[in-house]
Amino acid sequence: MDNKEFHDDHEDGQDGPLGAAQRAAAASRSTWTSVVVNILLTSVQFVVGFFSHSQALIADAIHSLSDLISDFVVLLASHHSKKAADTDHPYGHQRFENAASLVLGLILLAVGSGMLWSAFRKLETPELVPQVHSIALWVAGLALISKELLFRYMLAVAQKVKSSMLVANAWHARSDAASSLVVGLGIIGNMAGYPILDPIAALIVGFMVARMGWEFGWEALHDLMDRAADEEEVAAIRQTLLDTPGVINAHDVHTRKMGDMIVVDAHIEVDANITVEAGHDIAVLARQRVMQRHRVLNLMTHIDPWKRPDRDHQPPE
């Protein structure tokens, strides 16, 4: 999944992106809300699924349990990512969020694979699939409504604080809402005289969970490998550099993601006849403007004289 549910507001002006403390507080509030909802849903789904003989509802309970586990992973990552930079981590600890997203993906992939295996085993002996009690349908409906509302709340918070980790957790909740819908349809089919539809619903839910886990894990892995920000964001950062007084041109604007922040390296071209001090002041101003307007953690600038040969990329003699 390409986490483009949020976009940088390039007109933020002096306010800039939310600070690390604000982002961590918002993440904590939304995640603890999810924890409470998932504890209640998991308990009800397991109990009702067991006594109503619904494998699909039990599969949905396992999905809710994986949500609960992922919530605690998010809380752990939020706690560590807000730590200040230190000697060992001069750029801060934001990549804890990328690592957490990778762990979330692996959890989902493992849970989904287990659900697929369990459903396949049931389908091998369809004659042993029992009739499901109607109370399972009511619980599936309750889970569907709860998860959809939770998704909308968590996604709104994720977009506000611009956190891909929270976006991943929000879509995890949406996947659970979708799985509850599938579970409800499977239970209806079972009650209508087609008992095999209950394990088929569990199979579909397992596939949905495993697919989402793969997508989250793959995206997080790329971010941990210094993937660049998207082209639109890089172009906006370059434009901010060009709009800085004293900057005549900018090139070699390179980015890499650090959690949900960005580290930038850029070459800026200034008048070749100004003093070193004046060039330094322009670079400082460019850095301040970029960090105020974009979710940039740090900008390293290299000053080049305008219209002079750039020998930075020439091989050593």
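In terms of hydrophobic clustering, with Ile, Leu, Val, Met, Phe, Trp and Tyr side chains grouped at heavy-atom distances under 4.5 Å, Leu41 and Phe50 are assigned to different clusters. Tyr194 and Val182 fall within the same hydrophobic cluster, where Ile, Leu, Val, Met, Phe, Trp and Tyr residues are linked whenever their side-chain heavy atoms come under 4.5 Å apart, directly or through other members. Leu142 and Leu181 end up in different hydrophobic clusters when Ile, Leu, Val, Met, Phe, Trp and Tyr side chains are linked at under 4.5 Å. The same ILVMFWY cluster, assembled from side-chain heavy atoms under 4.5 Å apart, contains both Ile268 and Val253. Both Leu203 and Val111 belong to a single network of hydrophobic side chains, linked directly or stepwise wherever heavy atoms of I, L, V, M, F, W or Y lie under 4.5 Å apart.
Annotation: the span from Gln45 atom CD to Leu40 atom CG amounts to 10.5 Å, rounded to 0.5 Å. The CD atom of Gln159 sits 4.0 Å away from the CG atom of Leu155 when rounded to the nearest 0.5 Å. Atom OG of residue Ser134 and atom CD1 of residue Ile188 lie 11.5 Å apart, to the nearest 0.5 angstrom. Atoms CD and CZ, on Glu233 and Arg295 in that order, are 4.0 Å from each other to the nearest 0.5 Å. In this structure, the separation between CD1 on Ile204 and CG on Leu116 is 10.5 Å, given to the nearest 0.5 Å. For the atom pair Leu106 CG and Leu221 CG, the distance stands at 9.0 Å (nearest 0.5 Å).
Side chain of Arg238 to main chain of Ala250: a donor-acceptor pair is present (N/O by atom type, distance under 3.5 Å, no hydrogens or angles). With Ser52 contributing its side chain and Ala136 its backbone, the two residues share no donor-acceptor pair below 3.5 Å. Looking only at distances, a side-chain donor or acceptor of Thr33 sits under 3.5 Å from a matching main-chain atom of Arg29. The main-chain N or O of Ile135 is found under 3.5 Å from a side-chain atom of His133 such that the two form a donor-acceptor pair.
Annotation: side chain of Leu242 is in contact with side chain of Asn249 (closest heavy-atom distance under 4.5 Å). Within the 4.5 Å cutoff, the side chain of Val290 has heavy atoms near those of the Leu241 side chain. Taking 4.5 Å as the limit, every side-chain heavy atom of His302 sits out of range of all side-chain heavy atoms of Asp265. By the 4.5 Å heavy-atom criterion applied to side chains, Ile274 and Ile282 are counted as neighbours. Residues Arg289 and Ile237 fail the side-chain proximity criterion, which asks for heavy atoms closer than 4.5 Å. Taking 4.5 Å as the limit, every side-chain heavy atom of Trp218 sits out of range of all side-chain heavy atoms of Glu215. Side-chain atoms of Asn298 and Arg287, non-hydrogen and from C-beta on, do get closer than 4.5 Å to each other. A 4.5 Å side-chain heavy-atom check between Ile200 and Leu197 finds at least one atom pair inside the cut-off.
For Gly184 against Leu137, the heavy-atom pair with the smallest separation is O-CD1, 3.6 Å. In terms of heavy-atom proximity, Ala286 sits nearest to Leu299 at O-CD2, 4.0 Å. Here the closest heavy-atom approach between residue Glu269 and residue Trp306 is recorded as OE1-CD1, 3.3 Å. Closest non-hydrogen pair, Asp271 versus Ile248, comes out as N-CD1, 3.6 Å. Scanning both residues, Ala229 and Lys257, for their nearest heavy atoms gives N-CG, 4.3 Å. Scanning both residues, Ala283 and Ile303, for their nearest heavy atoms gives CB-CD1, 4.0 Å.
Counting only N and O atoms by type, the side chains of Asn38 and Thr42 include no donor and acceptor under 3.5 Å apart.
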- Task: Quick one: do His294 and Ile262 satisfy side-chain contact (heavy atoms from CB on, under 4.5 Å)? Show the steps, please.
- Result: CA-CA 9 Å; His294 308 277; Ile262 304 168; over 6 Å; no

- Item | side-chain hydrogen bond (donor to acceptor under 3.5 Å, both in side chains) assessment of Asp304 paired with His251 | CA-CA 10 Å; Asp304 288 330; His251 63 274; 3.2 Å; yes

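Among Val132, Val183, Val44, the single residue meeting the side chain to side chain contact (heavy atoms under 4.5 Å, CB included) criterion with Leu57 is Val183.
Residue Phe207 places its CZ atom among 12 or fewer non-hydrogen atoms of other residues, nucleotides or ligands, all under 6.0 Å distant.
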